[in-house]
Amino acid sequence: MKQRRNFNKKVVKYGEKWDSQYELKFFEQFILPNVRPYNSSSKLVCHVHEGFILEHKKPCRGLNVPSEKYTPDFVIYNEDMEMVHVYDVKSSINAKHPAKCATDIAKSKFRRFMTRYDIPVEVVVPRTHDFKMAMISFTKKLPITYHKNINYDIGRYVGQ
């Protein structure tokens with residue numbers, strides 16, 4: 001069995017703890033050149049590993065059901081602090097079955113995040129000169145797209 005060298009190796013760089021080499025590569029290659037403070041002319045801001053509440057803690061027969069949250073790898077905000085991209089970095093995406101890149105639990109969190117915050121989760125895989133992007137958890141199968149930077153409008157793929 002071929003060993004996956006970049007998968008699940010924790011790395012500390014830029015004052016952040018990265019979940020994998022793929023995540024760090026995506027940040028350095030595609031996010032870093034396009035966001036403040038690294039690009040002073042940019043109007044975009046990146047938050048790394050920002051947690052979002054999907055379900056608050058609730059009581060159940062005298063006990064508590066814990067809250068549940070989703071933590072995307074990267075959230076990109078515009079100058080009005082509106083989310084424009086929510087990225088979850090993976091090591092690969094199957095062209096015929098893009099939804100197989102995530103576990104059922106992750107897909108469930110993607111769906112709940114999308115319905116609560118009204119923005120799709122973009123599953124991305126960094127490559128040498130671009131990245132693959134898939135939006136899963138929709139009733140319609142959307143095509144995998146390829147991008148050279150993060151300056152694109154997801155409304156072009158899913159509507160406004």
Side-chain angles (χ1 to χ4, degrees), residues 5-57 66-93 98-99 101-103 105-138 140 142-160:
R5 293 185 301 253
N6 294 320
F7 184 70
N8 230 2
K9 279 189 177 178
K10 306 284 184 193
V11 180
V12 177
K13 195 169 180 182
Y14 305 108
E16 295 286 344
K17 188 173 184 180
W18 307 96
D19 293 336
S20 69
Q21 292 285 345
Y22 288 107
E23 191 177 276
L24 177 58
K25 179 181 179 179
F26 184 76
F27 179 76
E28 289 179 329
Q29 191 172 351
F30 302 106
I31 293 179
L32 202 62
N34 293 292
V35 298
R36 289 181 305 198
Y38 310 103
N39 177 345
S40 59
S41 65
S42 177
K43 295 183 179 181
L44 300 176
V45 176
C46 176
H47 289 195
V48 179
H49 299 139
E50 179 180 3
F52 292 88
I53 297 292
L54 299 176
E55 191 74 42
H56 290 283
K57 178 175 79 171
S67 64
E68 187 173 7
K69 73 177 189 174
Y70 168 58
T71 305
D73 295 320
F74 306 104
V75 180
I76 308 297
Y77 293 92
N78 65 14
E79 64 271 15
D80 297 324
M81 291 310 288
E82 298 167 328
M83 284 186 256
V84 292
H85 296 289
V86 177
Y87 291 119
D88 203 285
V89 180
K90 300 293 182 199
S91 59
S92 67
I93 297 174
C101 68
T103 65
I105 292 170
K107 287 186 274 193
S108 174
K109 286 187 176 190
F110 293 170
R111 280 191 298 272
R112 293 206 318 278
F113 177 87
M114 291 179 347
T115 56
R116 182 172 182 132
Y117 295 98
D118 195 33
I119 185 165
V121 175
E122 300 169 61
V123 176
V124 294
V125 175
R127 302 179 345 147
T128 305
H129 301 290
D130 61 7
F131 63 92
K132 288 184 193 182
M133 187 271 289
M135 287 184 274
I136 58 177
S137 298
F138 284 102
K140 177 182 176 183
L142 299 172
I144 293 173
T145 58
Y146 299 84
H147 303 275
K148 293 195 179 292
N149 60 53
I150 62 170
N151 298 315
Y152 60 91
D153 182 7
I154 59 168
R156 181 174 159 203
Y157 305 102
V158 295
Q160 296 296 346

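Note that the structure is a prediction, hence the values are computed from the model and not measured.
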Response to the item:
Nearest heavy-atom approach of F52 to P72 is CD1-CD, 3.8 Å

Discussion item. For E16, give me all partners under salt bridge (Lys or Arg N to Asp or Glu O under 4.0 Å), at least two apart in sequence or on another chain.
Written reply: none

Fill in: Min side-chain heavy-atom separation I53-Y70 under 4.5 Å
no

Fill in: Side-chain heavy-atom pair V124, K90 within 4.5 angstrom cut-off
no

Worksheet item: Is there a side chain to side chain contact (heavy atoms under 4.5 Å, CB included) between W18 and K10 once you walk through the steps?
Response: CA-CA 6 Å; W18 307 96; K10 306 284 184 193; over 6 Å; no

Item to complete: Check whether any side-chain heavy atom of M114 lies under 4.5 Å from a side-chain heavy atom of F138, and answer yes or no.
Response: yes

Worksheet item: Does any pair with a residue in residues 23-51 pass salt bridge (Lys or Arg N to Asp or Glu O under 4.0 Å), and if so which ones, sequence neighbours excluded?
Response: K13-E28

Worksheet entry | Close side-chain approach of C46 and V75, heavy atoms under 4.5 Å | no

Discussion item. Please check this pair: side chain of T71 against backbone of H49, looking for a donor-acceptor N/O pair closer than 3.5 Å.
Written reply: no

Practice prompt. Keeping the roles fixed (side chain from K109, backbone from K69), state whether a donor-acceptor pair exists under 3.5 Å.
Written response: yes

Worksheet item: Listed by chain and number, what are the ring-ring contact (aromatic ring centres under 6.0 Å, His included) partners of H147, not counting sequence neighbours?
Response: F131, Y152, Y157

Discussion item. Would you compute the distance between atom CG of L32 and atom CG of L24 and round it to the nearest 0.5 angstrom?
Written reply: 9.5 Å

Item to complete: Could you check whether the rings of F30 and F26 sit parallel, tilted or perpendicular, using 30° and 60° as the cut-offs?
Response: tilted

Discussion item. Would you say that M135 contacts P120 through its side chain, given a criterion of any heavy-atom pair below 4.5 Å between the two side chains?
Written reply: yes

Item to complete: Output the distance between atom CG (N34) and atom OG (S41), rounded to the nearest 0.5 Å.
Response: 9.5 Å

Worksheet, complete the sentence: Closest heavy-atom pair, T128 versus Q29, reported as atoms and distance to 0.1 Å, is O-NE2, 2.5 Å

Worksheet item: Would you say L44 and N151 make side-chain contact, with heavy atoms under 4.5 Å?
Response: yes

Discussion item. For the CE atom of M133 and the OG1 atom of T145, what is their distance to the nearest 0.5 Å?
Written reply: 3.0 Å

Worksheet item: Relative to the ring of F74, is the ring of F27 parallel (under 30°), tilted (30 to 60°) or perpendicular (over 60°)?
Response: parallel

Worksheet item: With side chains defined as the heavy atoms from C-beta onward, is the minimum distance between F113 and V86 less than 4.5 Å?
Response: yes

Practice prompt. Determine which pairs satisfy salt bridge (Lys or Arg N to Asp or Glu O under 4.0 Å) with at least one residue from residues 114-130, sequence neighbours left out, and list them in order.
Written response: R127-D130

Worksheet item: Taking side chain as C-beta onward, heavy atoms only, is V35 less than 4.5 Å from V45?
Response: no

Worksheet item: Which pairs count as salt bridge (Lys or Arg N to Asp or Glu O under 4.0 Å) when at least one residue sits in residues 73-84, sequence neighbours excluded?
Response: none

Worksheet entry | Trace of the side chain to side chain contact (heavy atoms under 4.5 Å, CB included) decision for I76 with M83 | CA-CA 6 Å; I76 308 297; M83 284 186 256; over 6 Å; no

Item to complete: Using salt bridge (Lys or Arg N to Asp or Glu O under 4.0 Å) as the criterion, list what pairs up with R112, not counting sequence neighbours.
Response: E68

